[in-house]
Amino acid sequence: MTRLVIMGPQGAGKGTQGSRLAAALGIPAISTGDIFRGHVARGSQLGIDAAAYTDRGELVPDSVTNAMVRERLQEEDAAVGFLLDGYPRTASQALELELMLARSGHLLDAVILLEVPLADLEDRLVLRAETEGRADDTREAIHRRLEVYAEETAPLSEFYSELDILVRVSGLGEIPEITERILAALSARSIPAPA
Ligand code: AMP
């Protein structure tokens, strides 16, 4: 059972690496951004409420996000472990996740911090905006998301570093090479645990 979080600024490649790692480790990749986009696409009430935040690059309120993650982690596939992508993003979400896990007697095995210099991030995000057409890939929303990351999310790396579960990995290079780099960094910490 492997319980992981992948964090890093928008454009660092969390989504891409998150799904590749999850596939390699046989655990579900759980992306809160994808769950919100699913709700928006279906036009659910949660989607309508969330879009007011996601479109502007603001965070959806913690109470909504925490409840959504709590439910998702109770689904059967998450019993073998999980890789969370895009959650937690605030101190209150990080505490909530600790509580959710503690209730079932579990801990996070590692928090992967995917590091990419700011100049590369902006280039990647502009490129993604051209190819994927995400509603929140406007110049203003991109700028705001990077600001929110620096203010609210980046400080969480200190919390996880104090818990000694932070694994910093460079997000520069070819996609398969980065995946291998992350798997090697995890394996150096005996993650996943040998059977
Ligand atoms: P992402 O795909 O991870 O870039 O997420 C897209 C958008 O969904 C973010 O800009 C937020 O508006 C929202 N979102 C995703 N995850 C969270 C979270 N953990 N807390 C609050 N909002 C989130």
Side-chain angles (χ1 to χ4, degrees), residues 3-22 28-75 78 82-101 108 111-116 118 120-157 159-160 171 175 178:
R3 296 182 182 81
L4 300 173
V5 165
I6 187 162
M7 62 178 278
Q10 286 69 20
K14 285 188 310 290
T16 305
Q17 294 301 329
S19 7
R20 293 173 60 88
L21 290 168
I30 300 177
S31 154
T32 43
D34 281 348
I35 303 179
F36 284 130
R37 280 184 288 279
H39 279 284
V40 173
R42 288 194 299 280
S44 72
Q45 190 56 50
L46 178 66
I48 295 167
D49 296 342
Y53 301 93
T54 57
D55 283 355
R56 286 185 291 126
E58 299 291 348
L59 295 180
V60 177
D62 286 338
S63 56
V64 175
T65 309
N66 287 335
M68 194 175 82
V69 172
R70 193 178 312 117
E71 263 180 42
R72 180 63 188 86
L73 291 184
Q74 280 163 4
E75 282 176 37
F82 53 78
L83 180 145
L84 280 168
D85 157 15
Y87 181 94
R89 259 172 152 103
T90 65
S92 130
Q93 293 180 10
L95 289 178
E96 187 63 27
L97 178 60
E98 292 295 305
L99 289 178
M100 286 181 221
L101 291 172
L108 283 176
V111 175
I112 302 150
L113 176 60
L114 207 49
E115 298 182 300
V116 172
L118 191 60
D120 297 83
L121 290 177
E122 284 167 352
D123 291 350
R124 288 186 189 190
L125 285 165
V126 169
L127 192 72
R128 183 172 83 185
E130 288 164 4
T131 54
E132 289 183 22
R134 261 173 60 161
D136 60 351
D137 274 344
T138 62
R139 189 176 294 276
E140 295 74 28
I142 288 173
H143 180 76
R144 183 62 190 141
R145 290 213 305 281
L146 291 171
E147 242 173 32
V148 169
Y149 179 80
E151 285 165 14
E152 306 249 18
T153 311
L156 300 183
S157 65
F159 172 65
Y160 291 122
I175 290 171
I178 302 168

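Ligands are counted one by one from 1 in listed order, and the atoms in each one are counted from 1 as well.
- Residue Pro88 has no nitrogen or oxygen atom sitting less than 3.5 Å from a nitrogen or oxygen atom of ligand 1, judged on distance alone.
- The protein atom (non-hydrogen) at minimum distance from atom 10 (O) of ligand 1 is Arg145 CD, 3.1 Å.
- Scanning the protein for heavy atoms near atom 8 (O) of ligand 1, the closest one is Thr54 CG2, 3.4 Å.
- In terms of protein heavy-atom proximity, atom 15 (C) of ligand 1 is nearest to Arg89 NH1, 3.3 Å.
- Neither the backbone nor the side chain of Lys14 has a heavy atom within less than 4.0 Å of ligand 1.
- Residue Glu58 approaches ligand 1 through these ligand atoms, each under 4.0 Å from one of its heavy atoms: 11 (C), 12 (O).
- Residue-environment remark: CZ (Arg70) exceeds the threshold of 12 foreign heavy atoms within 6.0 Å.
- Each of the following atoms of ligand 1 lies closer than 4.0 Å to a heavy atom of Gln93: 18 (C), 19 (N), 20 (N), 21 (C).
- Side-chain contact between Arg145 and Leu125: present, with at least one pair of heavy atoms (C-beta onward) separated by less than 4.5 Å.
- Phe82 is not listed as a side-chain neighbour of Glu75, based on a closest heavy-atom distance of 4.5 Å or more.
- Between Ile6 and Gln17, the closest side-chain pair of non-hydrogen atoms falls below 4.5 Å.
- Closest to atom 23 (C) of ligand 1 among all protein heavy atoms lies Phe36 CE1, 3.7 Å.
- Put simply, the side chain of Met7 does not reach to within 4.5 Å of the side chain of Leu84, judged on heavy atoms.
- Proximity of a side-chain donor or acceptor of Arg124 to a complementary backbone N or O of Ala12 within less than 3.5 Å is detected.
- Proximity of Met7 to ligand 1, defined as any heavy-atom pair under 4.0 Å, is not found for any part of the residue.
- Listed by number with element, the atoms of ligand 1 under 4.0 Å from a non-hydrogen atom of Arg37 are 2 (O), 6 (C).
- For the pair Val111 and Leu156, the minimum side-chain heavy-atom distance is 4.5 Å or more.
- Heavy-atom contacts from other residues, nucleotides or ligands closer than 6.0 Å to CD of Glu71 number 12 or fewer.
- Close approach to Thr32 involves these atoms of ligand 1, each under 4.0 Å from a residue heavy atom: 15 (C), 16 (N), 17 (C), 19 (N).
- Protein heavy atom at the shortest distance from atom 22 (N) of ligand 1 is Val60 N, 3.1 Å.
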I'd like to know whether Glu152 forms a salt bridge (Lys or Arg N to Asp or Glu O under 4.0 Å) with Arg89, so could you lay out the CA-CA distance, the side-chain angles of the two residues, the decisive distance to 0.1 Å, and finally the verdict. CA-CA 7 Å; Glu152 306 249 18; Arg89 259 172 152 103; over 6 Å; no
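- Heavy-atom distances between Arg144 and ligand 1 stay at or above 4.0 Å for every pair.
- For Thr65, every heavy-atom contact with ligand 1 shorter than 4.0 Å involves the side chain, none the backbone.
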